[in-house]
Amino acid sequence: MCAALVCFALFSWYPIVRGVLLSFQQVNFVTPAEWVGWQNFQTLFADPLFGIAWRNTLLFTGLALVIGFAVPFAVAIVLNELRHMKAYFRLVVYIPVMLPPVVVAILWKWFYDPGPGLFNSMLRLVGLPPLSWIDSADTSMLSLVLVATWAAMGSATLIYLAALQTIPGELYEAAELDGANLWQRLRYVTIPQTRFVLLIMMLMQIVATMQVFTEPYVMTGGGPEDSTVTVLLLLYRYAFTYNDFGTASALSLLLFIALGAFSALYLRLTRTRG
């Protein structure tokens with residue numbers, strides 16, 4: 001027990017405390033750290049990209065909730081209804097999770113290529129004009145959401161599938177005897193019986209998507225026109241492009257506080273409604 005506490009303190013608590021301290025220091029790990037108080041936060045608030053990064057991150061999270069939250073649940077429902085080749089389709093759904101995130105981003109970057117890319121080639125085959133998937137500010141964020149959804153869908157689908165299989169079959173039989181159609185069975189049986197899992201998965205997805213980094217870093221670099229600059233991408237720039245680890249730590253602290261406050265409020269509201 002004592003060894004576990006030491007390891008937890010060393011690899012969890014210490015980095016958190018150290019990060020908070022760095023937020024109030026001017027640090028480049030070359031010269032001695034200098035205490036600057038709130039200067040790092042003032043630098044952030046004066047940066048035009050600060051507001052843009054938060055707006056883009058919230059947009060990504062919102063789109064991910066609309067697409068990335070609903071699609072895995074729908075796929076899980078379909079898999080749960082299958083009578084044959086269940087294991088095969090579960091494997092197919094889970095395969096993207098096993099791929100490294102950078103590999104997924106590079107693969108989809110080729111899919112989105114405006115020239116020989118897979119998607120535009122398919123559009124040309126059916127006589128449709130090609131799209132500027134990640135080269136246009138209007139479609140770039142949605143394109144990144146599709147990548148993130150595809151990459152992470154497998155884990156969420158299996159969790160939903162496990163929750164669906166715990167629902168007693170008698171409930172569906174009773175609903176069918178009462179004349180409930182597919183939508184009514186979903187609304188009055190499936191969703192209420194999986195409510196707890198849905199709420200927890202929604203919280204986990206919001207927290208995860210607010211920390212999106214790999215897709216914009218690898219695929220767009222924050223462009224076009226800063227339309228995909230996220231909070232973590234801006235944090236990366238401060239730390240490894242501007243060599244300003246103090247301001248980067250200040251930004252990470254703000255993100256930590258925002259996610260912590262949201263999680264506490266979310267859990268309180270869902271517990272009250274439950």
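All values below come from the heavy atoms of this structure, side chains included, with hydrogens, waters and symmetry mates left out.
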Any Tyr160 side-chain heavy atom under 4.5 Å of Val197 side chain: yes

Under 3.5 Å side-chain donor-acceptor pair for Trp133 and Asn120: yes

Beyond-backbone contact of Leu255 with Trp54, side-chain heavy atoms, under 4.5 angstrom: yes

Aromatic centroids of Phe119 and Trp108 separated by under 6.0 Å: yes

Within one Ile-Leu-Val-Met-Phe-Trp-Tyr cluster: Ile191 and Tyr188, side-chain cutoff 4.5 Å: no

Co-membership, hydrophobic cluster, residues Val78 and Val97, 4.5 Å side-chain: no

Side chain to side chain contact (heavy atoms under 4.5 Å, CB included) partner of Leu49, the single match among Asp226, Leu44, Asn56: Asp226

Smallest separation among heavy atoms of Phe73 and Leu164, with atom names: CE1-CD2, 4.4 Å

Flag side-chain contact, heavy atom, 4.5 Å: Thr230 against Leu234: no

Set of residues satisfying side chain to side chain donor-acceptor pair (under 3.5 Å) with respect to Tyr172, sequence neighbours excluded: Thr190

Heavy-atom donor-acceptor pair, Thr228 side chain to Gly223 backbone, under 3.5 Å: yes

Sidechain-backbone polar pair: Thr139 side chain, Leu131 backbone, donor-acceptor under 3.5 Å: no

Check: Val231 main-chain N/O paired with Tyr236 side-chain donor or acceptor under 3.5 Å: no

Side chain to side chain donor-acceptor pair (under 3.5 Å) partners for Asn40, two or more places apart: Thr247

Under 3.5 Å: donor-acceptor pair, side chain of Tyr217, backbone of Leu233: no

Within-4.5 Å side-chain heavy-atom neighbours: Pro130 and Arg124: yes

Within the 6.0 Å centroid threshold, strictly below: Phe24 and Phe41: yes

Minimum heavy-atom distance between Ala180 and Arg185, given as atom pair plus value: O-NH1, 3.1 Å

Over all atoms of both residues, closest heavy-atom pair of Arg237 and Gly221: NH2-O, 2.8 Å

Heavy-atom check, side chain of Phe50 versus side chain of Leu254, under 4.5 Å: yes

Minimum side-chain heavy-atom gap Thr214-Val102 below 4.5 Å: yes

Flag side-chain contact, heavy atom, 4.5 Å: Tyr112 against Leu146: yes

Same apolar cluster: Leu267 and Val207, side chain cutoff 4.5 Å: yes

Geometric class of the Tyr238/Tyr242 ring pair [parallel <30°, tilted 30-60°, perpendicular >60°]: perpendicular

ILVMFWY cluster, Leu22 and Val20 together (side-chain gap under 4.5 Å): yes

Over all atoms of both residues, closest heavy-atom pair of Ala64 and Gln205: O-NE2, 2.7 Å

Heavy-atom pair with the smallest gap, counting every atom of Met210 and Thr57: O-CG2, 3.4 Å

Between Ser140 and Thr220, a side-chain donor and acceptor under 3.5 Å: no

Whether over 12 other heavy atoms sit under 6.0 Å from Phe256 CZ: no

Transitive ILVMFWY side-chain link Leu177 to Trp183, under 4.5 Å: no

Whether Ser227 side chain and Pro224 backbone form a donor-acceptor pair below 3.5 Å: yes

Heavy-atom side-chain contact between Ile206 and Met202 under 4.5 Å: yes

Least distance between heavy atoms, Gly179 atom then Gln184 atom: O-OE1, 3.8 Å

CG on Leu251 to CG on Asp47, rounded to 0.5 Å: 9.5 Å

